[in-house]
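The structure under discussion appears below in the form of structure tokens.
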Amino acid sequence: MRIMRAIKMNIEQIKETITIVKDYPIKGIVFKDITTLLENPEAFKSTVDIMVDKVKHLDFNRVVGVESRGFFWSGPIAYALSKSFVLARKPGKLPRKAAEKFFSLEYGTNTVHIHEDAISKGDKVLVVDDLIATGGTAMATAELCQELGASEVHIIALIDLPKLGGSKKLADKFGEVITLLDY
Ligand code: AMP
């Protein structure tokens with residue numbers, strides 16, 4: 001009989017599974033490619049487990065996942081903690097009436113959409129993304145949640161680029177801002 005054992009990775013081991021791609025999608029950007037983390041089952045499971053552990057003490061009833069790389073973490077967190085799972089999507093993706101917010105990215109601009117009835121007055125939300133760079137994406141998503149009635153907003157992302165100051169800006173304005181690893 002074979003003994004199957006899940007290997008638990010620590011955050012340094014997880015970091016080694018992320019691939020750094022220079023000058024993608026445009027010159028000057030050092031892209032953190034998490035597809036190689038996702039392809040590694042121990043790394044994926046360990047990352048989700050650590051994220052769940054870091055947020056389980058917080059008071060929130062909805063998990064808001066940011067399209068698209070935020071979905072990999074937000075779905076498993078909502079599932080693990082039995083929370084409502086809300087999608088923050090790019091334009092043209094949501095079928096019903098949605099509220100929207102425009103924002104700037106480290107490269108380019110974008111708009112985030114959330115179904116108007118997905119967040120109710122007094123909700124406490126956890127916004128989930130893969131990476132905080134300038135913080136613009138998380139800021140727009142968190143503000144949109146507040147505009148829809150959220151009374152408390154916490155944020156978690158796998159990666160922080162602290163030199164760009166995004167996580168600090170978010171921490172000044174919202175509840176807890178949690179990140180697992182820095183570049
Ligand atoms: P920002 O709004 O500037 O905080 O940018 C965060 C969003 O852009 C996240 O959803 C990331 O997926 C993506 N992003 C920004 N910079 C990078 C980077 N250097 N590597 C990978 N993804 C990035």
Side-chain angles (χ1 to χ4, degrees), residues 11-12 14-40 43-44 47-48 50-51 54-55 62-78 85-94 98-115 118-119 125-148 150 153-183:
I11 204 66
E12 283 312 312
I14 291 168
K15 193 172 186 178
E16 281 167 24
T17 69
I18 296 171
T19 309
I20 303 302
V21 184
K22 282 201 179 134
D23 297 326
Y24 180 86
I26 55 165
K27 204 164 168 45
I29 298 292
V30 183
F31 192 81
K32 312 303 180 291
D33 175 18
I34 60 162
T35 61
T36 40
L37 185 165
L38 297 169
E39 288 160 14
N40 181 317
F44 184 38
T47 305
V48 170
I50 293 170
M51 284 180 143
K54 296 240 179 219
V55 299
R62 296 194 198 273
V63 175
V64 176
V66 180
E67 184 171 3
S68 56
R69 288 185 289 266
F71 290 170
F72 313 141
W73 316 111
S74 49
I77 291 171
F85 182 28
V86 173
L87 304 184
R89 299 213 62 181
K90 291 172 180 159
K93 301 284 188 184
L94 291 174
E100 63 176 48
K101 196 150 194 96
F102 180 83
F103 63 98
S104 302
L105 277 169
E106 194 185 4
Y107 40 86
T109 58
N110 210 338
T111 309
V112 61
H113 290 224
I114 296 177
H115 273 141
I119 292 177
V125 309
L126 175 72
V127 171
V128 182
D129 204 356
D130 68 325
L131 182 146
I132 295 172
T134 65
T137 308
M139 180 74 74
T141 308
E143 285 175 352
L144 189 52
C145 291
Q146 286 180 326
E147 285 168 22
L148 287 169
V153 182
H154 305 289
I155 297 163
I156 186 166
L158 170 60
I159 300 168
D160 186 21
L161 307 183
K163 285 189 201 124
L164 295 180
S167 51
K168 163 97 181 52
K169 246 189 329 193
L170 293 166
D172 290 342
K173 200 162 167 202
F174 302 105
E176 290 213 29
V177 177
I178 300 165
T179 56
L180 273 57
L181 47 94
D182 288 353
Y183 283 91

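Numbering of ligands and ligand atoms starts at 1, following listing order. Sequence positions, counted from 1, serve as the residue numbers for this chain. Just so it is clear, the values below take in all heavy atoms, side chains as well, and ignore hydrogens, waters and symmetry mates.
Close to ligand 1: Gly135, with a non-hydrogen atom less than 4.0 angstrom away.
Judged by distance alone, the side chain of Asp130 and the main-chain N or O of Gly70 form no donor-acceptor pair under 3.5 Å. In this structure, Thr36 contributes its side chain and Thr17 its backbone to a donor-acceptor pair below 3.5 Å. A donor-acceptor contact shorter than 3.5 Å is absent between the side chain of Arg69 and the backbone of Leu131. Side chain of Lys15 to main chain of Asp182: a donor-acceptor pair is present (N/O by atom type, distance under 3.5 Å, no hydrogens or angles). With hydrogens and angles ignored, the 3.5 Å screen pairs no side-chain donor or acceptor of Lys173 with any backbone N or O of Ala171.
Screening Ile18, Asp160, Thr47 for a side-chain contact (heavy atoms from CB on, under 4.5 Å) with Leu181, the sole residue that qualifies is Ile18.
Numbered from 1 in the order shown, with element, the atoms of ligand 1 that lie under 4.0 Å from a heavy atom of Thr137 read 1 (P), 2 (O), 5 (O), 6 (C), 7 (C). For ligand 1, the atoms closer than 4.0 angstrom to any heavy atom of Gly136 are 1 (P), 2 (O), 4 (O). Each of the atoms 4 (O) of ligand 1 lies under 4.0 Å from some heavy atom of Ile132. Interface atoms of ligand 1 facing Asp129, defined by a heavy-atom separation under 4.0 Å, are 9 (C), 10 (O). Within the listing of ligand 1, atoms 11 (C), 12 (O), 13 (C), 22 (N) sit less than 4.0 angstrom from a heavy atom of Arg69.
Of the candidates Val66, Ile159, Thr134, Leu105, it is Leu105 that places a heavy atom closest to atom 8 (O) of ligand 1. Evaluated by nearest non-hydrogen atom to atom 12 (O) of ligand 1, the leading choice among Asp130, Ile20, Leu158, Leu131 is Asp130.
By the 3.5 Å distance cut-off applied to N or O atoms, Ala133 is counted among the residues near ligand 1.
If you take CD on Glu100 and NE2 on His113, they are separated by 4.0 Å, rounding to the nearest 0.5 Å.
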